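These notes concern the structure reproduced below.
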Amino acid sequence: MKRIWAAVVLLILVISGCLYNSYAVSRTIARISAPLAQAMRCDDPAQAQGYLAAAQAQYIKRESYLCAVMNRQLLDPVRAGFARSQTAAQRGDTAEMQVSLAELQQAVSALR
């Protein structure tokens, strides 16, 4: 009987850990996505760059956690997307910036 209770407790702990991990990843993705959505609504590249920097700061802050729980192949497009978007915003190319932000938003959404 003790083995069954031990197994039940372990199962509950594993399920709780999985649920918390799912919640934490969703919250992290939401924190990254919010400034990206604001950047996509901006026509001014300088203002969009500020929102983009905020999103990138959120990503960098939680990158080690995301690397621990996710496949690196999912994170590589996010890193590349931030680099492309920053470059387009610095050049002032609004059209390219919007395209790269849309791709970045899609890469971030794929992390869910």
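Note that the coordinates shown come from a computational prediction; the quantities given were computed from them, not determined experimentally. Numbers here simply count residues along the sequence, with the first being 1.
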**Report entry** Contact summary for Ala55 and Ile32, nearest pair of heavy atoms
**Finding:** CB-O, 3.6 Å

Report task. State the CG-CE distance between Leu104 and Met40, to the nearest 0.5 angstrom. Result -> 9.0 Å

Report summary line: Residue pairs meeting ring-ring contact (aromatic ring centres under 6.0 Å, His included), one or both in residues 29-54, sequence neighbours left out, come to none

Report task. Check Val78 against Leu74 and note the closest heavy-atom contact, atom names and distance. Result -> CG2-O, 3.9 Å

Report summary line: Residues at least two apart in sequence or cross-chain that pass side chain to side chain donor-acceptor pair (under 3.5 Å) with Gln105, listed by chain then number, are none

Could you give the side-chain donor-acceptor pairs of residues 18-26 under 3.5 Å, partners two or more places apart or in another chain?
residue : atom : partner : partner atom : Å
Asn21   : OD1  : Tyr65   : OH           : 2.3
Ser26   : OG   : Ser22   : O            : 3.1

**Report entry** Nearest heavy-atom neighbours spanning Met70 and Leu111
**Finding:** CE-O, 2.8 Å

Query raised in the report: Under the salt bridge (charged side-chain N to carboxylate O under 4.0 Å, His left out) rule, what pairs show up with a residue in residues 97-112, not counting sequence neighbours?
Result: Arg84-Glu103

Show every donor-acceptor pair shorter than 3.5 Å between a side-chain atom in residues 88-97 and any protein atom, with sequence neighbours excluded, or say none if there are none.
residue : atom : partner : partner atom : Å
Arg91   : NH2  : Glu96   : OE1          : 3.3
Arg91   : NH2  : Glu96   : OE2          : 3.0
Asp93   : OD1  : Glu96   : N            : 3.4

Requested in this report: Check which hydrophobic residues are tied to Val99 through side-chain heavy-atom contacts below 4.5 Å, counting indirect links as well, and list them.
Outcome: none

Query - For Gln98, side chain to side chain donor-acceptor pair (under 3.5 Å) partners two or more places apart - result: none

Requested in this report: Starting at CD of Gln38, measure out to CG of Leu52 and round the result to the nearest 0.5 Å.
Outcome: 12.0 Å

**Report entry** Spatial distance of atom CD (Gln106) from atom CG (Leu36) [nearest 0.5 Å]
**Finding:** 12.5 Å

Query raised in the report: Can you list the residues that meet the side-chain contact (heavy atoms from CB on, under 4.5 Å) rule with Leu11, with sequence neighbours excluded?
Result: Ile15

Report task. Determine which pairs satisfy salt bridge (charged side-chain N to carboxylate O under 4.0 Å, His left out) with at least one residue from residues 29-52, sequence neighbours left out, and list them in order. Result -> none

Query raised in the report: Given the rule in the side-chain contact (heavy atoms from CB on, under 4.5 Å) test, do Leu75 and Cys67 qualify, once you have shown the distances and angles that lead to the verdict?
Result: CA-CA 8 Å; Leu75 298 175; Cys67 286; 3.6 Å; yes

**Report entry** Summary of ring-ring contact (aromatic ring centres under 6.0 Å, His included) pairs that have at least one residue in residues 71-102, sequence neighbours excluded
**Finding:** Tyr59-Phe82

Query raised in the report: Could you give all pairs that pass the salt bridge (charged side-chain N to carboxylate O under 4.0 Å, His left out) test and reach residues 71-81, with sequence neighbours left out?
Result: Glu63-Arg79, Asp76-Arg79

Query - For Ser100, side chain to side chain donor-acceptor pair (under 3.5 Å) partners two or more places apart - result: Ser85

